[in-house]
Every structure is written in structure tokens, then in C-alpha cells.
Asker: 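Handing you a structure now.
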Protein chains: 2
Amino acid sequence: MERHAATGLLRKPDGTLPHRLARSAATLDGATPNSELADWIAERNAAHRHEVTRIRFDQLRQWHFDPAGGDLRHDSGRFFRVQGLSVRTDYGHVRHWTQPIINQPEIGILGILVREVDGVLHCLMQAKSEPGNVNGVQLSPTVQATKSNYTRVHGGKPVPYLDFFRDPPPEQVLADVLQSEQGSWFYRKRNRNMVVEVTDDPRFDDGAELPEDFRWLTLGQLHALLRVDNLVNMDARTVLSCMPAPAPAPFGEPSTDLADAVARSAQPTAGGLHTTTEVMSWITSRQAAHYVDTTAVPLHEVRGWRRTDAEISHELGLYFSIVAVDITTNGREVASWSQPLVRPFGTGVVALLVKRVEGVLHALVNARVEPGYLDVVELAPTVQCTPENYDHLPPGDHPPFLDVVRASTPEQVLFSTQLSEEGGRFYHAHSEYQIIEVAPDFPDAGLADFRWLTVHQLNELLRHSHYVNVQARSLLACLRGLR
Amino acid sequence: MERHAATGLLRKPDGTLPHRLARSAATLDGATPNSELADWIAERNAAHRHEVTRIRFDQLRQWHFDPAGGDLRHDSGRFFRVQGLSVRTDYGHVRHWTQPIINQPEIGILGILVREVDGVLHCLMQAKSEPGNVNGVQLSPTVQATKSNYTRVHGGKPVPYLDFFRDPPPEQVLADVLQSEQGSWFYRKRNRNMVVEVTDDPRFDDGAELPEDFRWLTLGQLHALLRVDNLVNMDARTVLSCMPAPAPAPFGEPSTDLADAVARSAQPTAGGLHTTTEVMSWITSRQAAHYVDTTAVPLHEVRGWRRTDAEISHELGLYFSIVAVDITTNGREVASWSQPLVRPFGTGVVALLVKRVEGVLHALVNARVEPGYLDVVELAPTVQCTPENYDHLPPGDHPPFLDVVRASTPEQVLFSTQLSEEGGRFYHAHSEYQIIEVAPDFPDAGLADFRWLTVHQLNELLRHSHYVNVQARSLLACLRGLR
């Protein structure tokens, strides 16, 4: 099927795509009926017997502390390592610190395969269990693989459907962009977020059986599932956020004022509180105004942290610790392994304040410095913190707008779900993800690091790397489904 | 004057801007008549008495070699330093090397002030002399200032017109983006490229005298001046490349087939050999396919380079050397100073192959690794090299397409001018900048690191940092003026 308009050699974008995406978003039940989803998840949970046990560092198989600098490394030199980082910055209430951080220089693939089923685009999602998950399986992208994974360093099973993402025909790629991950826990990590459309493939012919871990879901179904605690995993959320913008809902679809405000906000013609040129200039000014100077240091030179047999933790008990786990499962490429994980302290609050200005939704984003970003700042949600980390500080050092989030009334809360961070690296890391609506005249307090952006402006930034951080991407994926 | 369309609080881009830019580009003579330009330049050359003498390193005032690592630093710790860099990459014919490199972490401002004079946008250009220039003054942006400069670390005179760029009213900013500079000579240097429009200011009232070094020029005049050897300096070229795209030439303007092909290529609706989504995916694939691993090393640990009293040079005599100069002038913020400069070996060839596909101009760009880039690759011209650096290598290791450039016939050469690199850091650094047209069916040899892009696609990338390198930006500024 050739959807690209072409006159001779010159090609133009697939004009049907925004409409096909809008139709998928408006399709609330799909090829995998909603009525069967709970049973499928329960079944996959049972099938993926999965035991995770905290162990001592000296019980880790194939991992060791480097004798020279104390870094925690895999014997192969691959996967990732835990090292130290020294940070100096002008941003925030602490200007200099050292910390452990995960260094994973390889670029992995997070890919969602999409396909029209009965004329509606569906996403091929995988029920996948990760050692750090608070529950069992979560919905992950079709492919979620580090380079060590898919080049099979550990000699596991091949990654299903990887071939669709390794060297795809250019005209079938709907999105393909490197995006950062948690800049407080990862040093310059990025993954390749991909959406690839498949038309014909014998694996998807009528009558061909789909592997038990995989199901086709519409965008409308995924928007509903994003409201279920700890169900759609971080990797799925970030890829969904990079999906191209849909057209306004098809004519005649039932709508609400809120859905209309979101749809208008996604239209380039609607305008906004700031023009896109002004937004770009603001981002440039923040990159230029702040500095962050990071230097790799050996893990044993990190100060204010202590290492026991089974944990590297901050002396105040705050932030996060490094732990070790042993995993036995029948559902992954390898049946048993052990690895380190980052275990955050407390439950995070990740909240986006939104307001409707003349019927156009705006989101308040924060140009935020994190030491692991490639550039200086990325755009974060309005609030992104673990409140307990600030309890020992004077109120003036508490994160801006946290009080607004905490004082919000039920009718202000457009979205509130507990969502998990990546269970392959983080142990029981989850945050309350919230979208809170404030009055149209709510001020941004004149804070230089905050601006009200439209959904269209954020969508455009998401076509590029290093603008929108992983927490904001998660909330954008959720925001698009607001009804 | 309020040019932004606004309905209440919501604002939209200035729809008149592309037309005003097109009009400026079509205006070939302006407020400063062409007939007076040569005299003005000659006069400024005479006024800026400027003596540059090569000196020994130990004659440098306020600069010293760090006793510990041998880095060449300013006594204040500001400005820049020359350090060592160890590089490992999979790109090119040498996979591992060490080299000296300039580390200048401060973000400077390169700003062009624009203003309508008699209804036509003009750029305020400065005649500025730099110690490394092969000639005297060149045309530079209104403001060209490092942070050390404009915060007056060296106690010089204030930078004229700086106030327009320090905290401009958002709606007067036409462009504002961080862009990289030479990644072989600078480590992660970037400058803030700004275009700011001024409407009313007493300094520009009728009858107010403009300082002798400053003149208002139209885009059409600048396009013509770009064809003069070593006249429009690198900083002016990079800011001009970041100027927003003009509308197609006003109706009734005389045009040529070539100008039409450039104008069509700048239109988003014209289509191209690849869609923008495909171009973005190609760039992502190049960022992910290549790696470059750089580590700062002390300058005295750089191997294959030797230091004499007056020069740090490569043992083969290739690439570049570090030299020291003493400068006496009456035309700068300070009358006399000394500093190190990078002195490249040979004359560079910087060439863009272009072809017309169904009447739309396409440019062949190269996803190129340079060790000083913040990310892995940036888009470079088709050819960017100093041919002599390759003479000692087998023909298979010569840069792709250099033979095509060298074999080009006069009718293929759409543009050919010797242009200088930044004379504040580089000593007599200049390259032959060329735009060479090839046949519509000219293949790209299937090379994974090369793609044919339209001007519109390049213009869109230029709104963001770290996509288009400084040499390609120079050629784009020249390409827009092709008639």
C-alpha cells in the first residue's frame, strides 16, 4: 500500500496518517476486546512466574566492584555500570554534590509496531515482566531491547519482531527519535523511540496465531489503560508520546469541552500564550542561563553515601539506593540472572498543571537541570519530585507548585494514576502521575524556568531529541487521552 | 507596532515576516548604497590599524602553560584554554587519536539587529577586525561577544548594542538558537545565534549618527557581499543561516530558473526525495549507528604532536598547529593584547553538491562525526576537508565526492568564494566554499552517511541546535542568495 502522495520523484508526507491516528484514538474497543484484557493480563501474570530476591552484592553473578575505582560492572563490560558523578550547577538548592549514577552508553530500541486491523490502526503491545516491577507484567512496546539484549550478549532467545525495527523501509517509519531517560539516575542514557507501520507480513495473516504475550490495541484502548495503576510501562508511554499528532476527532464523534480543549491545543493554527519562536527562544535562554558541570568519578569517591553488603545508600536515607537482586523466571530470554537495580526512596509526585485559555489547553512546563542530560536543561512537568527529599529543607526550598498540587480539589484532577518507571533498572520505582487543572488566570509566578505551552508546541518538540524529559513525555501520552 | 495576530490572549506568528524577509532579499541596494560600500570598508581598514606579530609562548601576556597537565590557560581562568582530547570512534579512516583542542565552555552571543528602513528590513552589520583575519576588517554581526567579552573580564569598552540581545522582548526575537562551531578545533563550543528586530529606538532616529563601524544592509546586499572573498565573516554567516525562511519572491520580481528552484526547495509544500519524517529517521539512525568516545587529557599527554617555543604542531606537519600572537590595534575594546590561535594547515575545501529534481533544488549533506560535537553527528556539506591532509593516504581513504568537486566544470559552479573562519580563534583559516550543481540523476552512491535534503528541510533543522554544522550553515546562507 502506498500512502505517500507522489508526483514523480518528489514525495510528501502521508496525509492520511493524522486521520488514521485520530480514528484509532476514537476507537475505544478493538481487535483485542476490552472484555478479554483482564483475563489476558492475569494469564500472562501466571505464565511469567517471576521470583525476585534481594541479595548481597557478593552474591551477584557476573557482576563485580572494579578493584581500582569501586564501580559496579558486568564481567563482560557490557550492559551498564554504576559509577560516581561529581556535579556542579547553579540550579536548585544544592549547588555541588557527588552521587552514584548508571552509565549505559548503548542506545537501545523501544519500538511499537502498528498495523491496520479492520481499517483501524492498532499497536502491538507486549505483556512483559521486569524484575523491578511492583506487580507482575505490564504493557510494554512491541520491542524493548538494549543493544546487549538484541545482539544477544547473554546468549538468550532472539527478540521477537526486532527485524521490523533494525533497518525498516523509510516510508514505513512513523516516528524515530532518540529520547533521554531519568537524568538523576542515568548518565546521558537515551533510547531510540520508534513507531513502524506494517502492512503485509505472513506473521499477521488471517489465521496466524499471535504469540501469547502480544496483543493488538487501539490508541483509544491504550488511553483507557493508562488510567490503570502500574499497567502501561514507562517504555510504552515514551514511545506513545512520540507518536505523530492525530487530526482533530472525526466529525460526529461524541466529545466533551475538555477533549475539545486538548484537540484545539494540538492544532498548529490555534495559537497560544507564546508563539513557537518565543518558546524556542525561552528554551535557548534557559540552556544559556544555567550551567551544569559533571565529571565522572570512581564510585568509591562519592561522598555522603555508604556501602553495606547489600546496599549503597545516602547517609540521610534520602534520594535512592543501589541494591542487588536475583531473578528466576520462565518468561524471559534467560531463565535466571542477577543484577543491580536503583531503588528510589519514597513515592514521587509528577504533576502537570494545565489551564484553558480561550478554549485552548496549556501545560506549565519547567526547564529543569538534571546531571544526566546531554544538554543543560530539558522540559519537565510542573512538579517532579519526591516530597520526602525536601522535608529537611526550609519551605522556601520546596519545589514550586507542589503546594498547588497538594491542595487540589477532586474536580481539578483530570488524571491521577500511579505509574512505574523502568523495571529493568529501577526497583519498585513509581510515582503519582497527575494532571491538575487550574483557573485560566492562574499565574506562573513569573518564574523564569516555567512557561505555558500548547500541546502542539510540545508535539513539535517531541520530534527532536533532548527537549522533553521522560516524565513529561509520560504525562503527554496521558494528556492526549483526556476525555 | 504590533505585527502578531492576536485574538485576546492567544498569539500567532507574525505572518508578515516571511514577506518582509523576501522583500529584503529582493532589495539589491539599500540604505547604505552599494556605491559607498568599498570606500567604507577601505576607511574602516585604515581606521583599524592592526598589527599582528607571531610571538613565542613565553611572550604571551596573561597566558601560561598549566604546570600540572600542560594546558594553555588564561591567568583569569576565563576566555578559553587549549587542552588535550583523546578520541575513539568508528567513523573515518583513523579510529583512535589524541589532539589539542580549544575548550571554551562559555556561551557567547552572535546577534544581528534588524530594522525596517524605508519599509525594507535591513541588518545592522559591523566592520570588525580580528587578529587571525587574512585581511583587515570583515563584516560581522551587530554583536559578536563571548561572555568574558560582554561581562568585560578584560576591562575593555562596553559592547555596542549588546542591550538589544541581553533580555529582548520575546515578540521582537526572530531567531534564537544555540549552534555548534568547528568540532575538530572546539570542544562542545556553541554560541547563541540571535536575530532581534527593533522598531523604535532613539539611537536610530532620523538624524542620529550611526557609529562609523556600523551600517544597515539588506539581505539582498549581503547575498551579493557573500560572493566577495573573505568579506562576510563566519559569525555573520551562521547568524544569517538561522534567519527565518523568506516567502517566495514577491510577484513581479525578475527571477531565473535557478532562483525558482531554490525558492521551491524552501517551500514546505514542494515535497522532496525524502519526507521530513524519513530525514529525521535517517539522522536518528546515524546518531545511533556511530559512536564517538572523547576523554579530556592533559595537553602534555597528546601523542604525535610536538611543542616548540612558538608552536604546537602535528609531527607530520598536517591538520593544524597552536601558535601565539601579539596584537596592537586602536579599534577594539582593548588596544593591545596577546593570545593563542589555531593555525590550520592548507586551504580547506567546503563544497555542497546540489541537483534539481523536478525543479526543486536538493543539497547532498553528510552526517559527520567530529570529536567536539555535543552529540555524535551533525550534518556537514558534501565535502569538508583539507585535501593535503589526505595526500599520504590511499585513494580509498580520500573523502567521498572530492573528485567530483575537483572535476567540476565552470558551468557547474553556482558559487565559489574564499571565506574565512573565526579570526578571533583561527589564524589565517580560510576555505574555498563552493556550490556545485550535478545532473538530476546524480546518484549518492548509496552511502549511508549522505542524503539529499531540500532547503525547507535544512531550514527547519536550523531552528534547533546541533543538527547543521557551521560549514553547512555558511553554505546555506550563500545558497539562499543564488540567482
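To find a chain, count down the sequence lines: A is the first, B the second, and so on, and within it residues start at 1.
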Asker: Check each atom of I109(B) against the heavy atoms of chain A and say whether the ones under 4.5 Å are side chain, backbone, both or neither.
Answerer: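 For I109(B), there is no contact with chain A at all, as no heavy atom is under 4.5 Å.
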Asker: Heavy-atom cut-off 4.5 Å, strictly under: side chain, backbone, both or neither for V360(A) against chain B?
Answerer: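 V360(A) touches chain B through side-chain heavy atoms alone.
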Asker: Could you give all pairs that pass the salt bridge (Lys or Arg N to Asp or Glu O under 4.0 Å) test and reach residues 288-298 of chain A, with sequence neighbours left out?
Answerer: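 Of all non-adjacent pairs touching residues 288-298 of chain A, none passes salt bridge (Lys or Arg N to Asp or Glu O under 4.0 Å).
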Asker: Can you tell which part of Y467(A) gets under 4.5 Å to a heavy atom of chain B, answering side chain, backbone, both or neither?
Answerer: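 Answer is side chain: those atoms of Y467(A) sit under 4.5 Å from chain B.
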Asker: Given that the side chain runs from C-beta out, which part of L174(A) has a heavy atom under 4.5 Å from chain B: side chain, backbone, both or neither?
Answerer: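 Just the backbone, heavy atoms under 4.5 Å.
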Asker: Which heavy atom of T275(A) sits nearest to which heavy atom of P13(B), and what is that distance?
Answerer: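 Scanning both residues completely, I find the closest heavy atoms to be CG2-N, 4.1 Å.
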Asker: For a side chain to side chain contact (heavy atoms under 4.5 Å, CB included) check, start with the C-alpha distance between V177(B) and M280(A), then their side-chain angles and the critical distance, and finish with the verdict.
Answerer: CA-CA 7 Å; V177(B) 58; M280(A) 297 308 297; over 6 Å; no
Asker: Determine yes or no for a side-chain-to-main-chain donor-acceptor pair under 3.5 angstrom, with E358(B) supplying the side chain and L9(A) the backbone.
Answerer: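 Yes; judged by distance alone, with no hydrogens or angles, the pair exists.
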Asker: Of the non-hydrogen atoms in L10(A) and A270(B), which two are nearest, and what is the gap between them?
Answerer: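 Looks like CD1-O, 3.7 Å.
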Asker: What closest approach, in Å, do P170(A) and E278(B) show between heavy atoms, and which atom pair accounts for it?
Answerer: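 Scanning both residues completely, I find the closest heavy atoms to be O-CG, 3.5 Å.
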Asker: Please report the interatomic distance OG1(T284(B)) to CG(D176(A)), rounded to the nearest 0.5 Å.
Answerer: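 Rounded to the nearest 0.5 Å, the OG1-CG separation comes out at 4.5 Å.
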Asker: Hey, what do you get for OG (S465(B)) to NE2 (H466(A)), rounding to the nearest 0.5 Å?
Answerer: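 Here the interatomic distance stands at 10.5 Å.
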Asker: Nearest heavy-atom pair of S281(B) and V173(A): which atoms, and what distance?
Answerer: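 That closest heavy-atom pairing would be OG-CG1, 3.7 Å.
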Asker: I need the minimum non-hydrogen distance between L273(A) and R11(B), along with the two atoms involved.
Answerer: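 Minimum heavy-atom separation between L273(A) and R11(B): O-NH1, 3.3 Å.
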Asker: Should the pair D375(B)-R190(A) be classified as a salt bridge under the 4.0 Å nitrogen-to-oxygen rule?
Answerer: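 Counted as a salt bridge, because a side-chain N and a carboxylate O are separated by less than 4.0 Å.
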Asker: Tell me the residues of residues 447-464 of chain A whose non-hydrogen atoms fall below 4.5 Å from those of chain B, in number order.
Answerer: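 Residues R463(A), H464(A) are the ones that qualify, each having a heavy atom under 4.5 Å from chain B.
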Asker: What's the shortest heavy-atom distance between R192(B) and S285(A), and which atoms?
Answerer: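 The pair with the smallest heavy-atom distance is NH2-CB, 3.5 Å.
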